[in-house]
Structures are given as C-alpha cells and as structure tokens.
Amino acid sequence: MNVETIDSTLHVITFDDGSVIHLIGTAHVSSGSVEQVGKIIDEVQPDRICIELDSSRMKSKTDTSYSDTDIRKVIKEGKGFFLLANTALASFQKRMGAQTGIKPGEEILTAAKLAKERDIPISLCDREIQITFKRAWAKSSLWNKIKLLATLISAAFSDESLSEEELEKLKNQDTLESMMNEIAKELPAVKEVLIDERDRYLATSIYNAPGRNKVAVIGAGHTGGIIKTLGQLEKNEITNETESLVSVPKGKPVGKVLSYLIPALIVLLIVIGCIQSGFDQGIRMFLLWVVVCMCSTAVGTVISLAHPLNILLCAATAPFFALNPVLGVGMLGGVLEATFRKPKVKDFENMTDDAGKLTGWYRNRILHALLVFLLSSIGSSLGTLVAFPMLIARL
C-alpha cells in the first residue's frame, strides 16, 4: 500500500491491486471542507463515495418528519441518558457551525448530494450512533459517566467563540492528536469507543465497499487511524470483520451488584432496628427513609419545574422505585412529563437550538421531559445517600 499526502487533508492511498482510495479529512463545521469535497469529487470522478455517516444519522439529517418520534418510548427503553448526551453534543456542534454559516457535517451531506446527482453509488460507513453510545456507556465507570455528561452539557452551554481560521486549524493532524490524547487521559474508555474503534470500523467499511476508485469523506481526526487500519487489512494483519465492534458489552458486575446491594442494606437496617429496639423503632426508621427519599425527589422535580401532578406522583413513588433496581423514578418522571405536556412538532425542530440555552430546557417540551428525567433521578439517588447514614445512626 502506498500513501501519497497531497496536502494536510487529502491522502491518496494506492493498493497493490491498483485500486485507489482518496481519503478526505475534513472539519465538520468548515466552509473550506465543503468546497474541497466538491472539488475533489469533480476531479476524481469516483465509482463510489464513502461517507462518515450511519443510516440513523443520515435519516435524521435528511428526514424532517417527526410524526414517528415518541419521547416517552425513548425514556422507557432506557435511552434517556443517550439522548441527553447526543442533544448536548449536537447543540455544541450547531453553535460552532453557526459562527461560520456552515451546518455541522455539511461537507458529508454535500458528498451524499453529489453522489445522488451524478448517480454515483454511496456507502454509509460509520457505526450506528446508538451502538457507539451504548458501548461507551457500558465501558465507563459511574464517575466517568458523570464526567462525560457534565462535559457534554457544559459544552452545550459554553459561550466559546471560534474564528474561521481557528476552525480550519482543526484539520491539522497534530492538533487533533493532541486533543485526543487529552481525552484519553480523562476518559480512556470513551476515547477508545469514539475514536479508536470507529477508526477500525470506518476503515474496514471503506476497504470492503465495492469500487476501484473511491472517495471517502471523514473527519480529520480519524485520518491517521484509518490509514493505519487500511494497511493492516491489506496485509491481513487484522481480521476483515466488524462484528466485534457492534456488540454491546454487558454492564460491569460491580454496578449491578451495587444496584441490588444498596436497597438490600436499607431493608436490612430497618429490620435490625426492629430486632434491637422493637417494632416501633423499625417503623420510625422506615418512615425516616420514606420522608427523606420523598423530599429529595420532590426537590429535584420542583427544580425541574415538572407538572404539579408529576411532582406528587414522583415523590409518592420514590421510596418504592429506590428499592427496586429494575425501575427508576427518573423514568417515571420523564414519561409522565411528556404525557402531561405532550411535545409538539416545533419542539423537535428547535431541540438543538434550545439545548444551548438554559431557558430552552424548560421551554422545549422534549428537553423539559429529559430535564425532569435527569433531576428526579439525581434527587432520588441523593435521598438514598442521605438516608443511609441517618438510618445507621438510629441503630
């Protein structure tokens, strides 16, 4: 395999069988990248175009119909945290793009548009976004999950401004590698899933795509990893398959054990109180647990400005949900909020814009349901943490 670097963003990769891949590394919010993609496709006249998108994201970028979306179903299926993370990230990208007048990923969509106009076959080469998020989530510790959500949400509210020149610098490989190294230090499991695994998945998909003269449009941060993997694939140094990268690993047993252990300990403390000091003491400990859990959950839902009936229902059921590791009061709160205040089409259309403003999370009914989901979950968890030492003190 021979790699010819035309400039910092275009790499022409020639294989021993004579097939060629023109690898374009772009900045997803750069007008220069959009122009470059069109120019290279015109010059190369490829027999296939490969892009860094999966079918779900392709549909979301091209399909403006929201009739099939049900936020309650999303929360019931346990995808609330994934939607939170995705929304915060999309809001950050969109705000960066607004500074240059370019929608995030416009160069990818330009490649897809040109492929359709010129009847060139296209391959969606990225891994499904839900699988990527699930693998990152499953491989992260509780602390890393908190840091990941905090980082994404803070990015959504950030007022940082980047000039066009600074955005163009994102295409410099050294700068990007430095950024990825920082991510690796703080969140190694997330970096592995978001960058390393997708490098291998993208490279394998591009390598396997039909055609002898291909153009591949990908984010510049993936360029080095893709080139390395392409060389390994040609030499048969790694398996030419992607199955291992699309399975979702099981959650860590420690987390599952804790989810059952904490409720069991709460019950055990109350039982010990009954044995040591009589039934009345057990009742008092139980009522203490109920009051603390209800109050903490109520505070979370009040801060989220949930529907009044939702606040009452979440508070009333919080002790039961806290003792049941399968259920969660956040799920109930999010679903009820979307039921009492059903989202409208405009809420879906304005979601990424509203996610960049604190008021938007209260005004937009989809974001508001997610906010209720998040804060009621936090409130219930804090109630358990506060009640635990209080119960021990009563023994």
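Bear in mind that the values here come from a model prediction, so they are computed numbers and not experimental data.
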Show me the side-chain donor-acceptor pairs of residues 299-314 shorter than 3.5 Å, one per line, residues at least two apart or across chains.
residue: Thr301; atom: OG1; partner: Thr297; partner atom: O; Å: 3.2
residue: Thr301; atom: OG1; partner: Ala298; partner atom: O; Å: 2.9
residue: Ser304; atom: OG; partner: Thr301; partner atom: O; Å: 2.7
residue: His307; atom: ND1; partner: Leu309; partner atom: N; Å: 3.1
residue: Asn310; atom: ND2; partner: Gly333; partner atom: O; Å: 3.0
residue: Asn310; atom: ND2; partner: Glu337; partner atom: OE1; Å: 2.9

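When all heavy atoms are compared, the tightest approach of Cys274 to Gly282 is SG-CA, 3.3 Å. Taking all atoms of both residues into account, the shortest heavy-atom contact from Gly25 to Thr223 is CA-OG1, 3.9 Å. Of all the heavy atoms in Leu23 and Ile226, the pair that sits closest is CD2-CG2, 4.0 Å. Residues Ile49 and Ala111 approach most closely at CD1-O, 3.9 Å, considering heavy atoms. When all heavy atoms of Trp289 and Ala387 are compared, the closest pair comes out as CE3-CB, 3.7 Å.
With hydrogens and angles ignored, the 3.5 Å screen pairs a side-chain donor or acceptor of Ser376 with a backbone N or O of Val372. Here the side chain of Asn208 pairs a donor or acceptor atom with the backbone of Thr204 at under 3.5 angstrom.
With rounding to the nearest 0.5 Å, the separation of CD1 in Ile206 from CD1 in Ile21 is 6.5 Å. Going from atom CG of Leu371 over to atom CZ of Arg365 covers 15.0 Å, rounded to the nearest 0.5 Å. How far CD1 of Ile131 is from OH of Tyr201: 7.0 Å, rounded to the nearest 0.5 Å. Here the CE atom belonging to Met285 is positioned 9.0 Å from the CD1 atom belonging to Ile392, to the nearest 0.5 angstrom. Interatomic distance, His222 NE2 to Asp126 CG, rounded to the nearest 0.5 Å: 6.5 Å. From Ile13, atom CD1 reaches atom CG of Leu230 across 5.0 Å, with rounding to the nearest 0.5 Å.
Side chains of Asp42 and Arg118 form a contact here, defined as non-hydrogen atoms less than 4.5 Å apart. Using a 4.5 Å cut-off on side-chain heavy atoms (C-beta onward), Gln276 and Gln281 make no contact. Contact annotation: the side chain of Val329 never approaches that of Phe320 to less than 4.5 Å [non-hydrogen atoms, C-beta and beyond]. Thr26 has its side chain out of reach of Thr9: every pair of non-hydrogen atoms, C-beta onward, lies at least 4.5 Å apart. Annotation: side chain of Ile24 is not in contact with side chain of Glu107 (no heavy-atom distance under 4.5 Å). The closest side-chain heavy-atom distance from Arg212 to Asp17 is below 4.5 Å. By the 4.5 Å heavy-atom criterion applied to side chains, Val246 and Arg135 are not counted as neighbours.
Between Arg198 and the options Glu192, Glu128, Glu52, a salt bridge (Lys or Arg N to Asp or Glu O under 4.0 Å) holds for only Glu52.
For residues 225-237, the set of pairs meeting the side chain to side chain donor-acceptor pair (under 3.5 Å) definition, not counting sequence neighbours, is empty. Applying the ring pair (Phe, Tyr, Trp, His ring centres under 6.0 Å) test to every pair with at least one member in residues 376-395, sequence neighbours left out, gives no pairs at all.
Using the six-membered ring where Trp is involved, His368 and Tyr362 have ring planes that are tilted, between 30° and 60° apart.
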| query | Where do Val335 and Phe373 land on the side-chain contact (heavy atoms from CB on, under 4.5 Å) test, with the steps shown first? | reply | CA-CA 8 Å; Val335 170; Phe373 161 77; over 6 Å; no
| task | In sequence, state the C-alpha distance, the side-chain angles, and the governing distance for Leu202 and Arg127, and then conclude on side-chain contact (heavy atoms from CB on, under 4.5 Å). | result | CA-CA 8 Å; Leu202 284 163; Arg127 181 172 60 186; over 6 Å; no
| field | side-chain contact (heavy atoms from CB on, under 4.5 Å) evaluation trace for Ile266 with Leu391 | value | CA-CA 8 Å; Ile266 294 291; Leu391 291 175; 4.0 Å; yes
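With sequence neighbours left out, Leu124 forms a side-chain contact (heavy atoms from CB on, under 4.5 Å) with Ile51, Leu53, Ser55, Met58. Contacts of Asp47 classified as salt bridge (Lys or Arg N to Asp or Glu O under 4.0 Å), with partners at least two apart in sequence or in another chain: none. Residues satisfying the side-chain contact (heavy atoms from CB on, under 4.5 Å) criterion with Ala209, sequence neighbours excluded, are Arg48, Cys50, Ser123, Lys214.
Grouping the Ile, Leu, Val, Met, Phe, Trp and Tyr side chains by contacts below 4.5 angstrom, directly or via other members, places Val291 apart from Leu269.
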